[in-house]
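Let me give you the structure first, and then I'll get to my questions.
Read the numbers this way: they start at 1 and go in the same order the structure lists the ligands and their atoms. Only a predicted model underlies this, so the values are computations on that prediction, with no experimental measurement involved.
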Amino acid sequence: MGGTFDPIHNGHLVAASEAASRYDLTKVIFVPTGVSAFKNRQIVATPENRYLMSVIATAANPIFIVSRVDIDRGGITYTIDTLKDIKKDYSDYELYFITGADAVSQIESWKDYKQLFSLAKFVAVTRPDYAVNCDIISKYSIDQLEVPAMAISSTNCRQRAARGEPIWYLVPDGVVQYINKHKVY
Ligand code: ATP
Ligand code: MG
């Protein structure tokens, strides 16, 4: 599951947990982006802080892990490179790419998008306020997965944290504490 994770929130975690259950996944690898091609100016936390918040959020789940491939590669993150790098590390595994309804609608603007579908099975999870683009999912045989509706976004968490409003229960407790301790937002 790729994302800026600025910060990681419970919507990401529920989506990952549902996909793991539905597809009987061995692991879920959270991959924080390096520079995003689409929202670089909006990324607030440093790559290191986004990585560490992801580690804190996933630490208690035995099948959740965090990969540094996109952060360490540096530069703009393209999912095609993410998948190729993950494939190198997990060559014996079948890959699934978990993505939200909003992201999947943009997929035709992703670099080498036609190649993506030969590297991984794409799963579009439902997300409140975003309709799953039926044309896209049928065109590329993307699975749609209904997940419990979590109306949470990182943008809203950042705004709330910056205004001193609570983010408890929107993000894991350790992430709240990390954000406060390091004044991330
Ligand atoms: P931002 O507001 O900064 O864009 P975000 O909450 O959308 O943050 P991202 O890091 O952009 O989080 O998302 C990573 C992936 O998780 C994307 O595929 C996105 O669609 C999906 N996702 C994010 N939030 C949810 C949610 N609440 N429910 C389901 N999927 C989600
Ligand atoms: Mg987003």
Quick check: does any side chain N or O of His9 sit under 3.5 Å from a backbone N or O of Gly11, one acting as donor and the other as acceptor?
-> yes
Residue pairs meeting ring-ring contact (aromatic ring centres under 6.0 Å, His included), one or both in residues 71-109, sequence neighbours left out, come to Tyr23-Tyr96, Tyr90-Tyr93, Phe97-Phe122
Throw together a table of side-chain donor-acceptor distances under 3.5 angstrom for residues 171-181, partners on residues two or more places apart or in other chains.
residue: Tyr178; atom: OH; partner: Asn49; partner atom: OD1; Å: 2.4
residue: Asn180; atom: ND2; partner: Val176; partner atom: O; Å: 3.4

Applying salt bridge (charged side-chain N to carboxylate O under 4.0 Å, His left out), which residue pairs with at least one partner in residues 147-167 are found, sequence neighbours left out?
-> Asp6-Arg158, Arg163-Glu165
Run through ligand 1 for me and note each protein residue having a heavy atom under 4.0 Å from it, chain first, then residue number.
-> Met1, Gly2, Gly3, Thr4, Phe5, His9, Gly11, His12, Lys39, Thr99, Gly100, Asp102, Ala103, Val125, Thr126, Arg127, Met150, Ile152, Ser153, Ser154, Thr155, Arg158
Would Phe5 and His12 count as a close aromatic pair, with their ring centres under 6.0 Å?
-> yes
Given side chains that start at C-beta, do those of Val66 and Ile29 come closer than 4.5 Å, heavy atoms only?
-> no
